[in-house]
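Worth saying up front: this structure is predicted, and the values here are computed from it rather than measured.
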Amino acid sequence: MTADPAEPQAGGPRRYRFLVSPKWIAFHVLVVILVVAMVNLGFWQLRRLDHRRQFNANVRANANQPVASFDTVEPAFGNPSSVEWRRIQVTGTFDPDRQFEVVNRSQSSVPGRNIVDALRLTNGSLLLVNRGFLPQTDRAPAVPRGPVQIVGRLRQTERRGIGQTADASTGVLTQIRRIDIDVLSKQFDAPVAPMYIEQLESSPADDPSLEPIVAPTLDEGPHLSYAIQWFFFSLCAVVGWVLAVRRSIATRSGGTAARRASGYVPIADDEVLR
């Protein structure tokens, strides 16, 4: 039996003609988009891992240094990342007229808020002090009276993220969303230090209902495992594309062989059905 000249040859390039059909082109584009997106997500997770490692190294390097006096560290406030997490000792008197509650905070899975007060130093300037975490149901304690000596770790000002609500820049603030020193400094008639501290110790001792702010967990998080997962998913998409192409070729080759064996005469609509 003579093969129909219009019939696709099993070993020729025409067997791949279906790959340029509109439906298959759309499939190719979808696979490429998925692979590019997943590979980029994998590299994004690797960048986050690198940032986390740098953060951990900076915390360990600064937190393990000996306790320094406020006056010694203050000149470095222009480069806050170089001294953040350092423990300092400072003496002053709390301002009893201004107290802030940082709302929507939690610690050890307990909802609550942080209590922030201003410590007036001997030169008349102010230093914001996060005195600690307080459960939601507890009443905020008054500040200690008279001179106090505090040991705390330095922190940078908190900034509003994209999409987050800003605290009011005017009026008297009592409840705030973050310790934004630029905003809070407008509540005082004296200069405010550009960094604040998280209180660790106080003499005389502060109210026992306040829990010191816990130090950050210095692990690498799930970023590496997430990166591996994204790269694996992208590989699965490529393998799936290859299997789909091979299966389609095998299906078409099998259909062609069956029609030849039966002496089937192709009709015009066959190409559409395929």
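Considering all non-hydrogen atoms of both residues, W24 and A244 come closest at CH2-O, 3.6 Å. The heavy-atom pair separating Q107 from I213 by the smallest distance is OE1-CA, 3.6 Å. The heavy-atom pair separating P147 from P204 by the smallest distance is O-CD, 3.8 Å. Closest non-hydrogen pair, P135 versus V110, comes out as CB-CG1, 4.2 Å. Nearest heavy atoms, R131 versus A142: NH2-O, 3.2 Å. Heavy atoms only, all atoms of each residue included: E84 and R155 are closest at OE2-NE, 3.0 Å.
The pair R98-D117 fails the salt-bridge criterion, with no side-chain N (NZ, NE, NH1 or NH2) lying under 4.0 Å from an Asp/Glu carboxylate O. Under a 4.0 Å N-O distance rule, the pair R160/D167 does not qualify as a salt bridge.
A donor-acceptor contact closer than 3.5 angstrom is absent between the side chains of T251 and S248. For the 3.5 Å distance criterion, the side chains of D207 and S209 qualify, holding a donor opposite an acceptor. T217 and D219 are not linked by any side-chain donor-acceptor pair at a separation below 3.5 angstrom, with hydrogens and angles left out of the test. Remark: the N130 side chain and the E198 side chain contain no N/O donor-acceptor pair separated by less than 3.5 Å. In the model, Q54 has a side-chain atom that pairs as donor or acceptor with a side-chain atom of D50 under 3.5 Å.
Taking Q175 as the reference, E101, V103 meet the side-chain contact (heavy atoms from CB on, under 4.5 Å) condition, with sequence neighbours excluded.
Taking OG1 of T174 as the reference point, atom CD of Q187 lies at 9.0 Å (rounded to 0.5 Å). In this structure, N56 CG and L218 CG are separated by 5.0 Å, a value rounded to the nearest 0.5 Å. Going from atom CD1 of I179 over to atom CE of M195 covers 12.0 Å, rounded to the nearest 0.5 Å. Residue Q199 holds its CD atom at 4.5 Å from CD1 of I150, rounded to the nearest 0.5 Å. Within the model, atoms CD of E74 and OG of S69 stand 10.0 Å from one another, a figure rounded to the nearest 0.5 Å. Rounding to the nearest 0.5 Å places OG of S82 at 10.0 Å from CG of L154.
Hydrophobic clustering (side-chain heavy atoms under 4.5 Å, transitive across Ile, Leu, Val, Met, Phe, Trp, Tyr) groups L121 together with I88. Both W44 and M38 are assigned to one and the same hydrophobic cluster, defined by single-linkage of ILVMFWY side chains at heavy-atom distances under 4.5 Å. Using a 4.5 Å cut-off between side-chain heavy atoms of Ile, Leu, Val, Met, Phe, Trp and Tyr, with links allowed through other members, I115 and L173 fall into different hydrophobic clusters. Hydrophobic clustering (side-chain heavy atoms under 4.5 Å, transitive across Ile, Leu, Val, Met, Phe, Trp, Tyr) keeps L34 apart from V39. Taking hydrophobic clusters as Ile, Leu, Val, Met, Phe, Trp and Tyr residues chained together by side-chain heavy-atom distances below 4.5 Å, V67 does not share a cluster with V83.
A donor-acceptor pair is defined here as one N or O able to donate and one able to accept, closer than 3.5 Å; such a pair exists between the side chain of N64 and the backbone of R60. Side chain of R113 to main chain of I176: no donor-acceptor pair is present (N/O by atom type, distance under 3.5 Å, no hydrogens or angles). With R87 contributing its side chain and Q65 its backbone, the two residues share a donor-acceptor pair below 3.5 Å. One N or O on the side chain of S185 and one on the backbone of D182 form a donor-acceptor pair closer than 3.5 Å. Listed for the T157 side chain is a donor-acceptor partner under 3.5 Å among the backbone atoms of I181. Checked by atom type and distance alone, the side chain of R105 pairs as donor or acceptor with a backbone atom of R177 at under 3.5 Å.
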Using residues 227-241 as the side-chain source, report each donor-acceptor pair under 3.5 Å to any protein atom, sequence neighbours left out, with the distance given to one decimal.
| residue | atom | partner | partner atom | Å |
| --- | --- | --- | --- | --- |
| S234 | OG | F231 | O | 2.6 |
| W241 | NE1 | H28 | ND1 | 2.9 |

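Between R145 and F94 the shortest side-chain heavy-atom distance does not fall below 4.5 Å. The closest side-chain heavy-atom distance from V116 to Q99 is not below 4.5 Å. When side chains are defined from C-beta on, R153 does not count as touching I197, because their heavy atoms never get closer than 4.5 Å. Q156 has its side chain within reach of P80: a pair of non-hydrogen atoms, C-beta onward, lies under 4.5 Å apart. You'll find the side chain of I249 reaches within 4.5 Å of the side chain of F18, heavy atoms only. For the pair L184/V192, no side-chain contact is recorded, criterion being any heavy-atom separation below 4.5 Å from C-beta on. Within the 4.5 Å cutoff, side-chain heavy atoms of W85 are placed close to those of P216. Using a 4.5 Å cut-off on side-chain heavy atoms (C-beta onward), R48 and Y226 make no contact.
Dense packing is recorded around CZ of F77, with more than 12 heavy atoms of other residues, nucleotides or ligands lying under 6.0 Å away.
When Q45, H51, R53, R47 are each tested for a side-chain hydrogen bond (donor to acceptor under 3.5 Å, both in side chains) with H223, only one passes: Q45.
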